[in-house]
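These values consider heavy atoms only, across backbone and side chains, with no hydrogens, waters or symmetry-generated copies.
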Amino acid sequence: MKRLLALCLAACAMSSTAAQAQLYKPTLTQEGNQWMITFHDDRSSIHARWATQGICFYFVGVNGTHEVYRWVSNTYPNWNGVAEKEGDQVFMYGDFWSERGHDGMEWELVTQVKDSRPEIGAGHWHEWVENTAFGSFWFFGNAHFERKGYCSINRQGATVKSISGESYDDDVGLQLSEQAMERYNTLEPPKDEKGRLLSPMGTTEQ
């Protein structure tokens with residue numbers, strides 16, 4: 001995961017150091033960088049709802065036609081990763097449990113509302129934990145996203161460059177994501193009634 005992040009950021013630097021592209025609206029951060037993700041069990045006839053987690057997005061650059069973000073959970077400790085967005089499509093990858101566990105999300109923005117209704121997205125979320133054989137694939141299901149304003153660490157009030165009405169600067173996004181990781185890594189990991197660790201999705205440690 002860390003190697004993937006390094007390659008991703010290097011590509012961003014080559015394509016745009018100040019990240020001043022015409023971004024597709026809405027972005028994942030300008031209208032609020034805090035999102036809630038909820039897992040729904042795809043194998044259940046009622047698509048049973050499992051865990052809901054908070055995610056803070058930080059814009060860090062562009063790679064061709066893609067917007068590139070770092071993301072950090074503000075509800076689950078040491079759960080973070082990278083995301084790329086093209087148009088209304090978003091692809092995310094991240095790690096948890098000291099990089100033993102992994103998540104991937106593929107989703108789309110499905111509303112662009114300007115009143116008090118929430119902005120939402122929908123797609124899929126899969127999660128697995130490594131082992132010495134083929135990898136332990138845990139669950140695959142539906143994901144519901146909902147924008148919830150701003151995380152406590154965000155660009156508002158930060159000194160950033162402004163070009164064509166956009167307030168973006170790669171260094172600021174990188175610095176803010178590092179601050180978020182440091183703050184939220186102190187959270188207590190969730191456990192079930194038997195004291196077993198729960199993953200971000202809400203499954204128990206196997």
Separation between OH (Tyr58) and CE (Met181), nearest 0.5 Å, reads 11.0 Å
If you round to the nearest 0.5 Å, how far is SG of Cys56 from CG of Leu28?
12.5 Å
Linking I/L/V/M/F/W/Y whenever any side-chain heavy atoms sit under 4.5 Å apart, do Val110 and Phe91 land together?
no
To the closest 0.5 Å, what do you measure between CZ (Arg196) and CD (Glu193)?
6.5 Å
Given Arg70, which partner from the list Asn80, Leu176, Leu174 fulfils the side-chain contact (heavy atoms from CB on, under 4.5 Å) test?
Leu174
Could you list the residues that satisfy side chain to side chain contact (heavy atoms under 4.5 Å, CB included) with Glu182, not counting sequence neighbours?
none
Would you say Gln53's side chain and Pro200's backbone share a donor-acceptor pair under 3.5 angstrom?
yes
What is the minimum heavy-atom distance between Leu187 and Pro77, and which atoms define it?
O-CB, 3.3 Å
Asn154 side chain to Tyr150 main-chain N or O, any donor-acceptor pair under 3.5 Å?
no
Closest approach of Pro26 to Glu119 (non-hydrogen atoms, all atoms of both residues)
CG-OE2, 2.9 Å
Take His126 and Asp103 through the test side chain to side chain contact (heavy atoms under 4.5 Å, CB included) and record every step on the way to the result.
CA-CA 6 Å; His126 56 279; Asp103 289 282; over 6 Å; no
Starting from the C-alpha separation in whole Å, work towards a yes-or-no answer on side chain to side chain donor-acceptor pair (under 3.5 Å) for Glu130 and His102.
CA-CA 8 Å; Glu130 295 181 7; His102 310 284; 2.6 Å; yes
Verify whether one side chain among Ser199 and Glu127 offers a donor that lies under 3.5 Å from an acceptor in the other.
yes
Report the distance from atom OG1 of Thr52 to atom CD of Glu146, rounding to the nearest 0.5 Å.
9.5 Å
Evaluate side chain to side chain contact (heavy atoms under 4.5 Å, CB included) for Val72 paired with Tyr184, printing each intermediate quantity in order.
CA-CA 8 Å; Val72 180; Tyr184 301 130; 4.0 Å; yes
Donor-acceptor pair, distance only, cut-off 3.5 Å: does the side chain of Asp88 make one with the backbone of Glu108?
no
Same cluster for Trp97 and Met201 if Ile/Leu/Val/Met/Phe/Trp/Tyr side chains link at under 4.5 Å?
yes
Between the CD atom in Gln34 and the OG1 atom in Thr75, the distance rounded to the nearest 0.5 Å is 9.0 Å
The criterion is side chain to side chain contact (heavy atoms under 4.5 Å, CB included); which residues satisfy it with Glu86, sequence neighbours excluded?
Thr65, His66
Which class fits the ring pair Trp107 and Phe145: parallel under 30°, tilted 30 to 60°, perpendicular over 60°?
parallel
Evaluation steps, side chain to side chain contact (heavy atoms under 4.5 Å, CB included), between Thr204 and Leu198:
CA-CA 5 Å; Thr204 56; Leu198 292 172; 3.6 Å; yes
Working to the nearest 0.5 angstrom, can you tell me the gap between His144 NE2 and Ile120 CD1?
4.5 Å
Anything under 30° is parallel, anything over 60° is perpendicular, the rest tilted; go ahead and classify Trp79 against Trp125.
parallel
Tell me whether Tyr69 contacts the main-chain N or O of Gly173 through its side chain, where contact means a donor paired with an acceptor under 3.5 Å.
no
Hey, which of Gln30, Lys85, Arg155 is the one that makes side-chain contact (heavy atoms from CB on, under 4.5 Å) with Phe59?
Arg155
Kindly work out whether a path of hydrophobic side-chain contacts (I/L/V/M/F/W/Y, heavy atoms less than 4.5 Å apart) joins Phe96 to Met36.
no
Step by step, would you call Arg183 with Ile153 a side chain to side chain contact (heavy atoms under 4.5 Å, CB included)?
CA-CA 9 Å; Arg183 174 179 296 183; Ile153 298 177; 3.7 Å; yes
Does Phe140 have its ring centroid less than 6.0 Å away from the ring centroid of His124?
yes
Do Ile55 and Phe57 have side chains that get closer than 4.5 Å, going by heavy atoms?
yes
Are Phe139 and Tyr76 grouped together when hydrophobic residues (ILVMFWY) are joined by side-chain heavy atoms under 4.5 angstrom apart?
yes
